[in-house]
**Q** 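Pasting a structure here, questions to come.
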Amino acid sequence: MQPFPWELDQMPDQHGKTVVVTGATGGLGLVVATRLAAAGARVVAGVRDLDKAARVLPVGDGLEARLVDTASVASVTAFAQGLADDGVVVDALVNNAGVSAARFALGVDGVERTWATNVVGPAVLADAMLPVLGGPAPRVVLVGSNLSQRTSRVPDLDAVNRAAGYRQFATYTDSKTAAAALAVDLGVRLRASGSPIRSVIAHPGIAATGMNGQAETALARVAGRIARLAARTAEDGARSTLWAATVDDVPEGVFVGPALRRGDRRLHPVPVAGAAADPAFRARVRAFVSEIRVHPGV
């Protein structure tokens, strides 16, 4: 596909659609959830804090909040099971929740927090929700990062839980590379099974969200403030995710987002690059997540 213009007012009518959006109480997730609800969709906002959701989300009128912590295998599994128990048929899952932890710490499943939130949780949630995905064009949309496209670095899976030498930016980049690899892997598995469900990656470019404030050093915080001067607004950054979540003919396996130059308002669909494009690396990441899913906390 060639780059193409697409603005929020081009979003198709979403009446009759149900979309799950994680990380919906701030930044891109808040924009995506509210825009989908305004377009008529039933939106299930997956959130860690129901009180905050009640304050910032227009809960009601097609938008509801349900508790989920994407850093916990048990939580994402229970979230998906709750949707199934309630008979909810989901047209799209938007795996948006993410974090960039300033300091090393293990999550509830014994996995470093950034990887637990950005890699393990979204992958387990996507698999757990496959039985409830339906409608005419079901899909899983991963909110990725252009960093995974621009690095030649191959994440060292043996070092994920190693505190020594922890660096926030490198860990975040590695986690988004691994998440992209799993999104590609999901698409390959779905195609092989004959499933109509599609797996798509959308990135926001450099967007002015709370993620930019999660810096580990004074120098990084200064760099983050400089980056925000050139950043797109959250509304602008959300365009690629909303396109991937709503257009009827979204292509399988696409990595789509804006250019770095803010004046270029086209969306650019490109092939997945870097380690995420390597089948051997994808298999290793899948095995990494499968081990945590089977033995969380070990």
Side-chain angles (χ1 to χ4, degrees), residues 20-29 45-53 65-82 93-129 140 142-145 147-148 155-183 185-186 209-217 220 276 281-282 284-298:
V20 170
V21 183
T22 64
T25 57
L28 297 172
V47 303
R48 290 188 301 169
D49 186 337
L50 290 174
D51 290 336
K52 181 179 180 181
R66 297 194 182 203
L67 196 63
V68 66
D69 180 1
T70 57
S72 164
V73 168
S75 181
V76 297
T77 303
F79 176 82
Q81 187 59 53
L93 163 63
V94 179
N95 259 328
N96 165 75
V99 71
S100 177
R103 294 175 179 81
F104 179 87
L106 297 178
V108 294
D109 295 321
V111 181
E112 187 279 319
R113 284 187 302 158
T114 300
W115 275 72
T117 305
N118 298 358
V119 182
V120 179
V124 174
L125 179 60
D127 275 346
M129 282 190 56
V140 177
L142 171 72
V143 177
S145 170
L147 292 171
S148 70
D156 181 357
L157 302 183
D158 293 328
V160 168
N161 289 339
R162 192 178 298 158
Y166 177 85
R167 294 193 59 80
Q168 180 183 8
F169 184 75
T171 299
Y172 177 75
T173 301
D174 285 354
S175 76
K176 299 308 281 188
T177 299
L182 289 169
D185 178 76
L186 175 63
T209 69
M211 187 76 73
N212 291 328
Q214 299 173 0
E216 60 182 318
T217 65
F281 177 71
R282 297 199 301 261
R284 293 200 301 273
V285 181
R286 184 173 68 247
F288 174 87
V289 171
S290 295
E291 179 64 21
I292 296 163
R293 177 189 293 152
V294 174
H295 302 292
V298 176

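The structure presented is a predicted model; accordingly, all values stated were derived computationally and were not measured.
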**Q** Which heavy atom of Pro122 sits nearest a heavy atom of Ala116, and at what distance?
**A**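 In this case the closest contact between Pro122 and Ala116 is CD-O, 4.3 Å.
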
**Q** Quick one: are Ile292 and Trp115 in side-chain contact, heavy atoms under 4.5 Å?
**A**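 Counting from C-beta outward, Ile292 and Trp115 never come under 4.5 Å.
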
**Q** Do you know the tightest heavy-atom contact between Ala71 and Thr117?
**A**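 Closest approach of Ala71 to Thr117: CB-OG1, 3.4 Å.
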
**Q** Between Asn95 and Thr22, is there a donor-acceptor pair closer than 3.5 Å when you use the side chain of the first and the backbone of the second?
**A**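 Not confirmed, Asn95 side chain does not pair with Thr22 backbone.
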
**Q** Ignoring hydrogens, what is the shortest heavy-atom contact between Phe288 and Val120? Give both atom names and the distance.
**A**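 Where Phe288 meets Val120 most closely, the heavy atoms are CE2-CG2, 4.1 Å.
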
**Q** Got Leu157 and Arg284 here, is their nearest side-chain heavy-atom distance under 4.5 Å?
**A**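 Yes, at least one pair of side-chain atoms sits under 4.5 Å.
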
**Q** Take Leu182 and Val289 through the test side-chain contact (heavy atoms from CB on, under 4.5 Å) and record every step on the way to the result.
**A** CA-CA 9 Å; Leu182 289 169; Val289 171; 3.7 Å; yes

**Q** Do side-chain atoms of Thr173 reach the backbone of Ala170 as a donor and acceptor pair under 3.5 angstrom?
**A**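 Checking the backbone N and O of Ala170 against the side chain of Thr173, no donor-acceptor pair under 3.5 Å is found.
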
**Q** Once rounded to the nearest 0.5 Å, what's the spacing between atom CG of Asp174 and atom CG of Asp156?
**A**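 If I round to the nearest 0.5 Å, the distance is 8.5 Å.
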
**Q** So, the side chain of Asn96 versus the backbone of Gly23: is there a donor-acceptor pair under 3.5 Å, distance only?
**A**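 Checked: pair present.
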
**Q** Is the shortest heavy-atom distance from the side chain of Pro155 to the side chain of Phe281 under 4.5 Å?
**A**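 Yes, at least one pair of side-chain atoms sits under 4.5 Å.
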
**Q** My understanding is that only residues two or more places apart in sequence, or in another chain, count here; which of them pass salt bridge (charged side-chain N to carboxylate O under 4.0 Å, His left out) with Asp69?
**A**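 Once residues adjacent in sequence are excluded, Asp69 has no partner under the salt bridge (charged side-chain N to carboxylate O under 4.0 Å, His left out) criterion.
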
**Q** What heavy-atom pair brings Ala53 and Val47 nearest, and what distance separates the two atoms?
**A**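 Looks like CB-CG2, 4.0 Å.
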
**Q** Check whether more than 12 heavy atoms from other residues, nucleotides or ligands sit under 6.0 Å from atom CZ of Arg293, and answer yes or no.
**A**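 Check passes, neighbour count above 12.
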
**Q** Please confirm whether the backbone N or O of Val119 pairs with a side-chain atom of Ser175, one donor and one acceptor, at under 3.5 Å?
**A**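 The answer is no, because no donor-acceptor pair under 3.5 Å joins these two groups.
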
**Q** Check Asn118 against Ala97 and note the closest heavy-atom contact, atom names and distance.
**A**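 Closest pair (atom of Asn118, atom of Ala97, distance): OD1-O, 4.3 Å.
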
**Q** In chain order, what residues pass the salt bridge (charged side-chain N to carboxylate O under 4.0 Å, His left out) check against Arg286, with sequence neighbours excluded?
**A**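 Salt bridge (charged side-chain N to carboxylate O under 4.0 Å, His left out) check on Arg286 returns Asp185.
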
**Q** Quick one, Thr171 and Phe104 - any side-chain contact, counting heavy atoms below 4.5 Å?
**A**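 A side-chain contact under 4.5 Å is absent here.
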
**Q** I want to check something: taking the side chain as every heavy atom from C-beta on, are Asp49 and Thr25 in contact at a cut-off of under 4.5 Å?
**A**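 Of all side-chain heavy-atom pairs linking Thr25 with Asp49, none is under 4.5 Å.
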
**Q** Please report the interatomic distance CZ(Phe79) to OG1(Thr70), rounded to the nearest 0.5 Å.
**A**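 Phe79 atom CZ to Thr70 atom OG1 measures 10.5 Å (nearest 0.5 Å).
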
**Q** If every non-hydrogen atom of Asn161 is compared with every non-hydrogen atom of Glu112, which pair is closest and at what distance?
**A**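 Looking at all heavy atoms of both residues, the closest pair is OD1-N, 2.8 Å.
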
